[in-house]
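Order of the sequence lines fixes the chain letters, A, B, ..., with proteins taken first and strands second; residue numbering starts at 1 for each chain.
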Amino acid sequence: MPLLDKYAALAAQYRQLEEAGANPFNVKFDEVLSPTEAMVGGRKTLLLGTNNYLGLTYDPAVVAAANAATTASGSGTTGSRIANGSYGGHARLEAALAAFYGRRLGMVFSTGYQANLGIISALAGKGDHLLLDADSHASIYDGSRLGYAQVTRFRHNSPDDLATRLRRLKDEPGEKIVIVEGIYSMLGDTAPLKEFAAVKREFGACLVVDEAHSLGVLGETGRGLAEQAGVEADCDFIVGTFSKSLAGVGGFAVTDMEGAEILRVVSRPYMFTASLPPANIAATEAALQQLRARPDLRRRLNENALRLYRGLEKLGFELGPEPSPVVSAIMPTPEAAFGLWAALLKAGLYTNVSLPPATPRGLALLRSSVSAAHSPAQIDHAIALFAETGKGLGLTNAAPALAAAK
Amino acid sequence: MSEGAIRNQMTDQTNEVRDIIFGTLQAALPQARPLSGDTRIIEDLGLDSVAVMDFVMEIEDKLDISVPLDKIAEVETLGDLVATVQRLKQAA
Ligand SMILES: Cc1ncc(COP(=O)(O)O)c(C=O)c1O
């Protein structure tokens, strides 16, 4: 059947990667040993691409909470919150999230992806207007397609362009909903949230901030960029995920908006999918407690991030615009990204490859993410491997390939 | 204005929109290519979905309009894009 013919070009590229024996989109960990190490192809490998920001996946309190919840409440909920009921854990976690953010309502979704789908599609009705940052995550784009509002994108991190677009809509009826992220997952850059908040106030728009990569990373108490920028009161909804700093799976939204409880019976991605199993819920609640109780994790994470960023910068790699736990090296071509990725893996370092259209401006990226669980020695070892392999491939300092691409 | 004058004005505007779109696209492509109203933006030019949205953003700036994403998704050829942008420009 010709059903899959439309993917022929992509399929050929994928086959090529498989045949080369180094496909960054199909990596198998034989065994995961810790937040920072796994066995890959029979070799002990340093993990530098897992978004495990606080390194809590093996935290004894988190693991114990998951085990106890499974024993007490079973392996799964076998249904959705609205059709089959909520467990005590769901409500407790929602209350814990609301308390952490100091908001009236917390809502838990089955993934971060679904949290974006659920909030965006429910907020943006027919006749409303959604304005997305151009570099938004796929879940934000998909959420905007699930709703019935008119969608436009504004220039990445440009409050001026957002203002221009809101001005164009000034005489149009309907609510204006603006969506930005805390830390952007591809280049690790942060949004100018203070300036966005000012634009939002000027035009009376609603502001939604996805703190997927900034929860537990930024802010005095780890609440994210909104806290760091001092504009939490302007952020009508905060959306986030349990799959990164909270070391589990799931998503959430918190808000002070009057009447937001109604979202539970209008948000389809909340309603028509099974709720998270007891183990996930309990582990997330325990991880949130760790996040709150141990600010040292955040400090170590950011020290590691800076160490890797400065190290790779010194080697001559062109990086994202600011240090953050996401450290991406801009490669001259996708082939260079594949080459460096495969060489690093062979040398015992696991990273990520990110390619357009998932990346901004057609960039090919060799993406790393650091963890609080990394020791400074592990970060230095990673930098040394970048130096060796990058030099072999002509990608480090004074590398002709990179210089030519600039 | 007479009907003829209105028609002339519209043609002028269509030509202006067309010139801006074709010029912007030529500048964005890695090498010069022959472009026509029938050129298919994704299949013929090999642009991915984000590259198309980025290129439309340039046009939005030049013409001071916003093109909703569902309108971009409906566009297949450069001729479609000229017509869509023209309609939005007139409504603005
Ligand atoms: C900005 C952003 N939002 C949402 C998500 C989705 O989260 P999850 O993986 O929990 O579905 C991710 C990451 O995957 C992300 O980077």
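Checking each of A:Arg168, A:Arg153, A:Gln150, A:His129 against B:Ser66 for a side-chain hydrogen bond (donor to acceptor under 3.5 Å, both in side chains) leaves exactly one that passes, namely A:Arg168.
Counted within 6.0 Å of CD on A:Glu175, heavy atoms from surrounding residues, nucleotides or ligands total 12 or fewer; the atom is thus considered open. Environment of OH in A:Tyr14: crowded, with over 12 heavy atoms of neighbouring residues, nucleotides or ligands closer than 6.0 Å. Around the NZ atom of A:Lys6, the shell of radius 6.0 Å holds more than 12 heavy atoms that belong to other residues, nucleotides or ligands. Counting heavy atoms of neighbouring residues, nucleotides and ligands inside a 6.0 Å radius, atom CD of A:Gln16 does not exceed 12 of them. For A:Phe272, the CZ atom is densely surrounded, since the number of other residues' heavy atoms within 6.0 Å is greater than 12. Within 6.0 Å of CZ on A:Arg155 lie more than 12 heavy atoms contributed by other residues, nucleotides or ligands.
Interface remark: B:Asp48 contributes side-chain atoms only to the contact with chain A (heavy atom separation under 4.5 Å). Of the atoms belonging to B:Glu43, not a single heavy atom falls under 4.5 Å from chain A. For B:Val56, no part lies under 4.5 angstrom from a heavy atom of chain A.
Closest approach of B:Met57 and A:Phe154 over heavy atoms only: CE-C, 3.3 Å.
Taking CG of B:Asp64 as the start and CZ of A:Arg167 as the end, the distance is 9.5 Å to the nearest 0.5 Å. Remark: A:Thr152 OG1 to B:Ile72 CD1 distance equals 9.0 Å, nearest 0.5 Å.
Proximity of A:Asp161 to B:Asp61: side-chain heavy atoms (C-beta onward) are separated by under 4.5 Å at one or more points.
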